[in-house]
Amino acid sequence: MAQFDAISLLRAPLGERLSSTFVGGRLAAARYALALAFVGAAIALTLVLQYFHVEHNRFQFYAAIAAAAWVGGAGPGCMAVVLSTLGIEYFFTAPFFNLAVAPHELPDFLTFIACAAISVTVSTRLRRAEHWLMEARQTLETTVAQRTAALTIEIAERERADRAREESETVLADTQAQLARVLRMATIAECAAVAHEVNQPLTAILANAGACLRSLERVPPALDLARDAVVGIANDGKRASAVISRIGALLRNRKPSIAPVDLNAIVREVLALVQSAADRDGVVIRTSLSRSLPPAAGDPVYLQQVLLNLVTNAIEAMREISDRRRVLTVRSRLTRSGSVLAEVEDTGIGLAAVDPDRMFDSFYTTKPEGLGMGLSISQSIITAHGGRLWATPGRVHGAVFHVALPVAAAPEV
Ligand code: ADP
């Protein structure tokens with residue numbers, strides 16, 4: 001109590017403030033003096049009442065005793081009982097100004113002492129209870145303050161750790177996206193090299209066809225030259241065919257290893273890869289993935305490549321859209337015919353300008369920088385899985401690409 005600070009003292013009720021001030025031993029004399037003052041005030045009040053012929057009672061003395069016990073504790077309370085008893089006996093009990101107790105006054109006198117003693121006991125107990133309550137409150141406040149400080153530090157540390165984790169996750173996602181882009185570029189570079197190789201025999205075929213025509217147009221026709229040109233055409237045709245077969249080999253060399261795969265997990269991986277690209281283009285990504293999707297039969301690496309291609313195409317198709325929200329939605333579900341289906345929908349330019357019969361052909365592209373290999377390779381991959389890849393117009397805008405895969409066979413028991 002002695003260590004209560006000034007603010008808690010000011011906030012405390014008057015009695016509490018007084019009692020707090022007097023506790024601690026240092027102001028013991030003041031507590032007793034205050035008890036004396038309370039009893040003195042009670043005597044003075046009784047004398048005034050007597051002067052005005054108001055029949056006096058002893059309530060003011062009980063009040064003085066209770067106040068002395070409340071403010072000063074048991075010692076000043078007891079002193080107030082003694083002083084009040086003496087005061088009443090001396091001033092207000094016949095014979096007046098005398099401390100002798102007449103025998104007929106004795107029961108009344110003893111009753112007063114008993115009541116006064118009870119008043120001191122009750123006040124002292126109340127005071128002690130209040131004292132304990134205040135101490136408990138202070139301990140509680142101190143504990144709460146300490147815990148709050150500890151919690152604040154912990155929260156700040158967690159926030160710092162969260163920020164660090166978010167930063168490293170962003171760096172990781174960017175790196176993964178870059179890696180995916182590099183892989184994609186590697187595939188594109190391989191295809192570009194193959195395209196270049198196909199182009200050489202095709203140019204030679206065109207040159208030989210021209211030479212053949214010119215030889216035939218001669219009069220008389222130069223049949224030997226025409227035959228040589230046709231032989232050249234046949235040879236170049238074989239060369240072109242060999243190069244084309246190498247494209248197939250390129251895919252075949254990486255034989256898909258078919259196993260049960262979680263298509264939803266692949267979708268999530270792919271979306272994580274393109275997240276920063278989508279953010280940069282202001283594309284909102286939504287998913288609606290079936291929770292009861294059975295495993296599909298597929299090669300996760302190939303399927304990731306296909307979905308990455310579809311999702312990248314979708315983001316690219318929305319690049320020029322400015323009059324509506326750019327939303328990429330990826331759904332998955334089990335179809336009624338028993339296939340595992342993934343759908344990639346966008347709100348982009350749509351398929352109006354695309355030739356639906358050539359869309360999945362090699363080298364078909366409507367983009368200035370496009371190679372036109374993504375959909376063709378994707379379709380080869382999905383067909384090699386025994387599945388199907390096709391496109392439909394979006395419900396309002398854009399396009400939807402559907403990938404249907406067979407459900408993985410149940411493991412043999
Ligand atoms: P590229 O992306 O290099 O053009 P693709 O084979 O991936 O090659 O795509 C072929 C063509 O199909 C694209 O040029 C484009 O015209 C069309 N296409 C593909 N995806 C979409 C789409 N989400 N929205 C509209 N058109 C698309």
Side-chain angles (χ1 to χ4, degrees), residues 177 180-199 244 247-248 250-251 266-267 270-271 273-275 277-288 301-332 341-385 387-404:
R181 267 198 296 278
V182 169
L183 285 176
R184 200 162 178 257
M185 290 312 292
T187 312
I188 287 169
E190 277 176 282
C191 293
V194 171
H196 182 70
E197 280 191 57
V198 174
N199 209 28
I244 301 284
I247 297 178
L250 204 72
L251 297 174
I266 297 179
V267 167
V270 167
L271 292 181
L273 287 177
V274 297
Q275 183 67 61
D279 289 347
R280 265 193 296 275
D281 279 11
V283 172
V284 178
I285 297 180
R286 287 190 188 144
T287 52
S288 167
V301 177
Y302 278 93
L303 295 181
Q304 194 193 53
Q305 194 69 26
V306 170
L307 285 170
L308 185 63
N309 188 55
L310 297 181
V311 164
T312 310
N313 273 348
I315 293 175
E316 284 172 2
M318 291 188 277
R319 224 161 247 169
E320 282 159 29
I321 301 301
S322 54
D323 60 338
R324 55 179 177 265
R325 293 188 76 195
R326 299 173 185 174
V327 184
L328 165 69
T329 311
V330 184
R331 287 182 287 268
S332 73
L341 183 76
E343 289 175 332
V344 178
E345 181 167 7
D346 59 68
T347 56
I349 48 175
L351 302 175
V354 179
D355 181 345
D357 296 330
R358 296 179 53 215
M359 193 176 177
F360 291 93
D361 289 354
S362 305
F363 308 114
Y364 175 80
T365 180
T366 57
K367 301 173 191 170
E369 306 289 318
L371 261 181
M373 289 302 292
L375 285 182
S376 115
I377 292 177
S378 298
Q379 199 173 48
S380 309
I381 290 173
I382 297 302
T383 310
H385 277 73
R388 200 158 82 86
L389 168 65
W390 74 103
T392 54
R395 267 168 289 187
V396 185
H397 304 286
V400 192
F401 282 78
H402 314 256
V403 180

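Both counts, for ligands and for their atoms, begin at 1 and track the order of listing. Just so it is clear, the values below take in all heavy atoms, side chains as well, and ignore hydrogens, waters and symmetry mates.
No donor-acceptor pair under 3.5 Å is formed between the side chain of Asp346 and the backbone N or O of Leu328. Judged by distance alone, with hydrogens and angles left aside, the side-chain atoms of Arg326 form no donor-acceptor pair with the main-chain N or O of Ile315 at under 3.5 Å.
The closest side-chain heavy-atom distance from Glu345 to Arg395 is below 4.5 Å. Looking at Val396 and Arg324, their side chains never come closer than 4.5 Å, going by heavy atoms from C-beta outward. Side-chain atoms of Asn313 and Leu375, non-hydrogen and from C-beta on, do get closer than 4.5 Å to each other. Residues Val354 and Tyr364 meet the side-chain proximity criterion, which asks for heavy atoms closer than 4.5 Å.
In Leu310, neither the side chain nor the backbone holds a heavy atom less than 4.0 Å from any atom of ligand 1. The part of Val354 lying near ligand 1 is the side chain, judged by heavy-atom distances below 4.0 Å.
Considering Ala399, Gly348, Gly350 only, the shortest heavy-atom separation from atom 25 (C) of ligand 1 involves Gly350.
The Leu351 neighbourhood of ligand 1 comprises atoms 25 (C), 26 (N), with distances under 4.0 Å to a heavy atom of that residue. If you number the atoms of ligand 1 from 1 as listed, the ones under 4.0 Å from a heavy atom of Gly370 come out as 3 (O). Taking every heavy atom of Thr365 and a limit of under 4.0 angstrom, the matching atoms of ligand 1 come to 1 (P), 4 (O), 14 (O). Listed by atom number, the atoms of ligand 1 under 4.0 Å from Ala317 heavy atoms are 22 (C), 23 (N), 24 (N). Those atoms of ligand 1 that come under 4.0 Å of a heavy atom in Leu375, given as number and element, are 5 (P), 6 (O), 7 (O), 9 (O), 10 (C), 12 (O), 19 (C).
Ligand 1 has a nitrogen or oxygen under 3.5 angstrom from a nitrogen or oxygen of Lys367. Residue Ser376 has no N or O atom closer than 3.5 Å to an N or O atom of ligand 1. Residue Asn313 has at least one N or O atom closer than 3.5 Å to an N or O atom of ligand 1.
Taking the six-membered ring where tryptophan is involved, the planes of Phe401 and Phe360 are perpendicular, since the angle between them exceeds 60° and thus also 30°.
For the residue pair Gln275 / Asp279, a side-chain donor-acceptor distance below 3.5 Å is found, with atom types taken as modelled.
Proximity of Phe401 to ligand 1 is established by a heavy-atom distance of less than 4.0 Å.
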